[in-house]
Colleague: 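Just dropping this structure here.
A note on names: the letters A, B, ... follow the listed sequences, proteins ahead of strands, and every chain is numbered from 1. Computed from a predicted structure; not experimentally measured. Just the heavy atoms: all of them, side chains too, but no hydrogens, waters or symmetry mates, feed the values below.
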Amino acid sequence: MLRYIANRVLIAIPTLLLVSIFVFMLQKLLPGDPILVLAGESRDPETIAFLREQYRLNDPLIMQYLYWLMDVLRGDLGISLRTGLPVTELIAQKLPVTLQLAVMSMIFATLIGIPAGVMSAVRKGTFWDYLANFVALSGLSIPNFWLGIMMILLISVNLGWLPASGYESPWVDPVRSFQTMLMPSIVLGTALAATLMRHTRSSMLGVLQADYVRTARAKGLREKVVIRRHAFRNALLPIVTLSAIMFGELLAGAVLTEQIFTIPGFGKMIVDAVFNRDYAVVQGVVLVTATGFILINLLADVAYVLLNPRMRATI
Amino acid sequence: MTAAVTLTADAAPAPRRNRTWGKLKKNKSAMVGGFVVVAFIIIALLAPILPIPDPTLTDWGKIRLAPSAEHWMGTDEIGRDILSRMVWGARASLMAGVISVLIAMAVGVPLGVIAGYFGGWTDQIIARATDALLAMPFLILAIALAAFLGPSLTNAMIAIGLSAVPIFIRLTRGQVLSVKTEDYVEGARAIGLGHTRIMSHYILPNVFPPILVQATLTIATAIIAEAALSFLGLGQQAPQPSWGSMLATARNFLSQAPWMALWPGAAIFMVVMGFNLLGDGLRDALDPKEN
C-alpha cells in the first residue's frame with residue numbers, strides 16, 4: 001500500500017512541475033509590462049531599471065523560473081501589484097470563502113444527485129427515470145450564471161426571501177452566512193448534482209446486474225436491503241473518484257457564481273486580477289487551484305484503493 | 001483475391017453508417033436535439049438576410065421596451081432590438097463552439113494518436129503534459145489564456161480550444177491503445193507501411209466515432225465557456241452581440257427589464273441541451289452494446 005502511495009506521489013511530481021512551468025510562462029506572455037504599471041505615470045528610467053533588477057527581469061528565463069520556483073516552494077507567491085499585499089496572504093483570506101461555497105455546493109449536489117441516480121436506476125424505464133434524466137440533462141445544459149441571475153430575479157427581487165449578494169463569515173453570523181450562501185451553492189451545485197445523478201445511475205445499473213446482487217435477492221433478502229447494502233455500497237466506489245474530479249470544476253464554476261453574487265472569494269479575485277493586470281495573483285490562483293486538484297486526485301486514488309478490497313489485494 | 005478484399009473494405013463502412021443513422025433516427029431525444037441544433041444553425045446562417053434591424057443600431061427613444069409586436073423580444077438599455085442581437089449572437093456562439101472544438105481536435109487528436117501509437121517516453125511526456133493541463137480547471141485556464149491573449153471573440157475561441165485539448169488527447173490515446181493491436185494494423189505493419197500512413201489511414205478512421213461523440217458534447221461545453229468569457233468581458237467585445245455579454249448587461253437591469261436576461265440565457269440553454277441530446281444519442285447509436 002505504501003509503495004502504491006509513493007508511486008502515485010512520484011507521478012504527481014512531474015505533473016506539478018509542468019503546471020509550475022506553464023503558470024510561470026503565463027506571466028511572461030501576458031500583455032502589457034507590469035513594470036511600467038509599477039513605475040507609475042512618470043515612467044522614470046531609473047525607477048524602471050531598479051524595478052527590473054529587483055524583480056530579476058534582467059536574468060535569463062530559466063534562472064527567473066528557478067528563482068520563482070524556489071520562492072513558490074517557500075510559500076512566497078509574490079506581491080499583488082494592486083493591493084501591495086503578499087499573494088499568499090490574499091489567497092489565505094479568499095480561499096476559505098470559496099471552500100465554504102464549494103463544500104455547500106458539494107453537499108447540495110450529493111443530497112440531490114445520488115438519491116436521484118439510485119431511484120432512476122432502480123426504476124429504470126419508468127416515468128421517474130425519464131424525469132430524473134431530463135432534469136439532469138437540463139442541469140448540465142443550463143449556464144450557471146444564467147441560473148444565478150434568474151434565481152436572483154425570482155427569489156430576491158420578486159419574493160425577497162434571500163439576499164441577492166454579499167457575504168458573511170460563518171464564524172461571525174452563521175445564520176446570515178447560510179442565507180447568503182444558499183442560493184450560490186444551489187447555482188454552483190446544479191451541474192454537479194446532474195453529473196452525480198448520471199454517474200450514480202449508470203454505476204447502479206451495472207451493479208444491479210452483478211452476480212452478488214442476484215445472489216442476495218435469491219437468498220430472499222428484501223429489495224431495500226439488497227439495494228442499500230449490496231448494490232449502493234459498491235456503486236458508490238466510482239463516485240468517490242468522480243467527486244474529486246468534479247471538485248476542480250466546482251472551483252472553476254465558483255468564478256462565475258462569485259461574480260454574480262458578489263462573493264469576495266477566490267474566483268472573484270482571479271477575474272479582478274485579470275482586469276487589473278495583477279499577474280502574480282492570476283498565477284497564484286491558477287497554481288493553487290491546480291495543486292489542490294492534483295492533491296485531491298491523489299487522495300481520491302488512495303481512497304478508492306482503501307475502499308475497494310479487490311484493488312487492495314492486487315497492490 | 002485483391003478485388004475481393006478491396007470490395008469488402010469499400011463496402012464495410014456503408015452498412016455501419018446506415019446502422020448508426022438508423023439507430024439515431026429511432027432515438028427521439030437525439031432527433032429533438034438535432035432539430036434544435038439545425039434550427040439554430042439555419043437562423044445563424046440566415047442572419048444577414050432576415051428582415052431584422054441592425055443589431056448595433058441604437059434608438060434612445062426606445063430604451064428597455066417590453067416585448068411587443070414591433071420588437072418581439074423587446075429592446076435593451078440603449079434601444080437596440082433584442083431579437084436582432086439574439087440572431088446575430090447565435091452566429092458568435094455557434095461559431096465559437098465549433099471553431100474552438102476544431103482547434104482542440106486539430107491539436108489533441110494527432111498528439112493522442114502519437115502518444116498511443118508510439119508509447120514509451122513519447123507517451124509519458126504527452127501524458128504528463130495532459131495531466132498538467134487537466135489539473136487546471138477548464139474555465140480558469142480559459143480565463144487565464146483569454147487574459148494573456150487579450151479580450152476578443154477570436155482569442156476566446158483559441159483559449160477555449162486550447163483548454164479542451166487534453167480531453168481529446170486522453171480520449172484518442174485510449175482508443176489508439178485498443179486499436180493498435182488489431183490484426184489490420186499488424187497487417188499494415190507487416191507489409192511495410194510507414195508510421196504516418198498507418199496512423200492516418202488505419203488507426204485514425206477507426207478511432208474516430210468516439211471522438212465525434214466527444215466533439216459534439218464538447219461543442220456544448222465550449223458554447224457555455226464562450227458565453228461565460230463574454231459574460232466576464234473576455235469574449236466578444238461591444239457593440240457586437242453575444243449571448244454572454246447580453247446577459248452581463250441584463251444583470252444591471254433585472255428589476256426594470258427582466259426580459260433582457262431571459263432570452264440570451266434561454267437560447268444558450270436550448271442550444272447546449274440540443275448538442276447534449278445529440279451527443280448522447282450519437283454515443284448510444286455508435287455503441288455496439290446498445291440495441
Side-chain angles (χ1 to χ4, degrees), chain A residues 11-12 14-23 26-27 29-31 133-134 137-138 140-150 152-153 156-158 164 245 247-253 255-256 259-260 267 270-271 273-275 277 279 282-283 285-287 289-294 297, chain B residues 29 33 124-125 127-151 163 217 220-221 223-225 227-229 231-234 243-244 247-248 250-251 254-255 258 260-262 264-277 280:
Chain A
I11 293 177
T15 311
L16 274 167
L17 274 176
L18 278 168
V19 167
S20 74
I21 294 174
F22 184 83
V23 170
L26 266 183
Q27 176 196 28
L29 299 168
L30 277 163
N133 271 303
F134 177 76
L137 199 63
S138 305
L140 284 179
S141 308
I142 201 162
N144 70 2
F145 46 102
W146 184 56
L147 181 64
I149 293 173
M150 288 293 115
I152 290 177
L153 181 64
S156 303
V157 177
N158 287 336
I245 296 169
F247 199 76
E249 295 301 315
L250 272 185
L251 289 181
V255 174
L256 292 158
Q259 201 70 15
I260 294 160
I270 189 176
V271 176
V274 163
F275 284 107
R277 292 189 174 178
Y279 305 157
V282 176
Q283 281 180 301
V285 172
V286 178
L287 193 63
T289 316
T291 310
F293 182 80
I294 292 170
N297 269 284
Chain B
S29 0
Q124 280 299 315
I125 293 168
R128 289 294 82 77
T130 313
D131 282 350
L133 282 171
L134 277 174
M136 287 172 271
F138 187 69
L139 192 62
I140 290 187
L141 185 58
I143 288 173
L145 281 171
F148 120 68
L149 295 164
S163 313
L217 295 169
T221 317
I223 289 175
I224 294 195
L229 287 180
F231 180 80
L232 294 171
L234 293 168
W243 293 341
L247 268 178
R251 233 182 102 203
L254 271 189
S255 44
M260 277 174 66
L262 183 68
I268 301 170
F269 174 59
M270 280 171 70
V271 79
V272 169
M273 182 93 158
F275 275 109
N276 276 334
L277 286 171
D280 278 0

Colleague: Using heavy-atom distances under 4.5 Å, tell me whether A/Leu147 contacts chain B through its side chain, its backbone, both, or neither.
Modeller: neither
Colleague: What residue, out of B/Ala135, B/Ala132, B/Ala227, has the most heavy-atom pairs lying under 4.5 Å from chain A?
Modeller: B/Ala135
Colleague: Tell me, side chain or backbone of B/Ala266 under 4.5 Å from chain A's heavy atoms, or both, or neither?
Modeller: both
Colleague: If every non-hydrogen atom of B/Arg251 is compared with every non-hydrogen atom of A/Gln259, which pair is closest and at what distance?
Modeller: NH2-O, 3.2 Å
Colleague: Kindly give the heavy-atom pair with the smallest separation between A/Leu137 and B/Leu277, and that separation in Å.
Modeller: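 Smallest interatomic distance, heavy atoms only, reads CD2-CD2, 3.0 Å.
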Colleague: Can you measure from CG (A/Leu17) to CZ (B/Arg128) and round to the nearest 0.5 angstrom?
Modeller: 12.0 Å
Colleague: Show the nearest heavy-atom pair for residues A/Pro143 and B/Ile268, with the distance to one decimal.
Modeller: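 For A/Pro143 and B/Ile268, the tightest heavy-atom pair comes out as CG-CG2, 3.5 Å.
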Colleague: What residue in A/Leu250, A/Thr291, A/Ile260 has the most heavy-atom pairs under 4.5 Å with chain B?
Modeller: A/Ile260
Colleague: Determine the option with the most heavy-atom pairs under 4.5 angstrom with chain A, choosing from B/Ser255, B/Ala228, B/Ala127.
Modeller: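 Among the listed options, the one with the most contacts to chain A is B/Ala228.
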Colleague: Once you round to the nearest 0.5 Å, how far does CZ of B/Phe275 lie from OG of A/Ser141?
Modeller: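 Separation between the atoms: 11.5 Å.
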Colleague: As a quick check of understanding, evaluate side-chain contact (heavy atoms from CB on, under 4.5 Å) for B/Leu232 and A/Phe145, giving each step before the final call.
Modeller: CA-CA 10 Å; B/Leu232 294 171; A/Phe145 46 102; over 6 Å; no
Colleague: In the structure I gave you, are the side-chain heavy atoms of B/Ile140 and A/Phe293 within less than 4.5 Å of one another anywhere?
Modeller: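 No, side chains not in contact.
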Colleague: Measure B/Ala220 against the heavy atoms of chain A and call it side chain, backbone, both or neither at under 4.5 Å.
Modeller: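 No part of it gets close to chain A.
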Colleague: So which part of A/Val19 gets closer than 4.5 Å to some heavy atom of chain B, the side chain, the backbone, both or neither?
Modeller: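 For A/Val19, backbone and side chain are both near chain B.
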Colleague: Quick check on side-chain contact (heavy atoms from CB on, under 4.5 Å): which of A/Leu256, A/Val285, A/Val274, A/Val286 does B/Ile143 satisfy it with?
Modeller: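 The residue from A/Leu256, A/Val285, A/Val274, A/Val286 that satisfies side-chain contact (heavy atoms from CB on, under 4.5 Å) with B/Ile143 turns out to be A/Val274.
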Colleague: Which one of A/Ile11, A/Ile152, A/Leu16 has the most heavy-atom pairs closer than 4.5 Å to chain B?
Modeller: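 Top option by heavy-atom pairs under 4.5 Å: A/Ile11.
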Colleague: Is the CZ atom of A/Phe275 crowded by more than 12 outside heavy atoms at less than 6.0 Å?
Modeller: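 Yes, the 6.0 Å shell around CZ holds more than 12 heavy atoms from other groups.
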Colleague: Tell me which of these, B/Val271, B/Leu141, B/Leu133, B/Leu262, has more heavy-atom pairs under 4.5 Å with chain A than the rest.
Modeller: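 Highest number of heavy-atom pairs under 4.5 Å: B/Leu262.
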Colleague: What is the minimum heavy-atom distance between A/Leu153 and B/Leu254, and which atoms define it?
Modeller: CD1-O, 3.4 Å
Colleague: Given the options A/Val271, A/Val157, A/Ile142, which has more heavy-atom pairs under 4.5 Å with chain B than any of the others?
Modeller: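 Option with the greatest count: A/Ile142.
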Colleague: Between chain B and each of A/Leu251, A/Ile294, A/Ile270, A/Val255, count heavy-atom pairs under 4.5 Å; write down the option with the most.
Modeller: A/Val255
Colleague: Report the option among B/Gly233, B/Ala250, B/Pro258, B/Ala261 that has the most heavy-atom pairs separated by less than 4.5 Å from atoms of chain A.
Modeller: B/Ala261
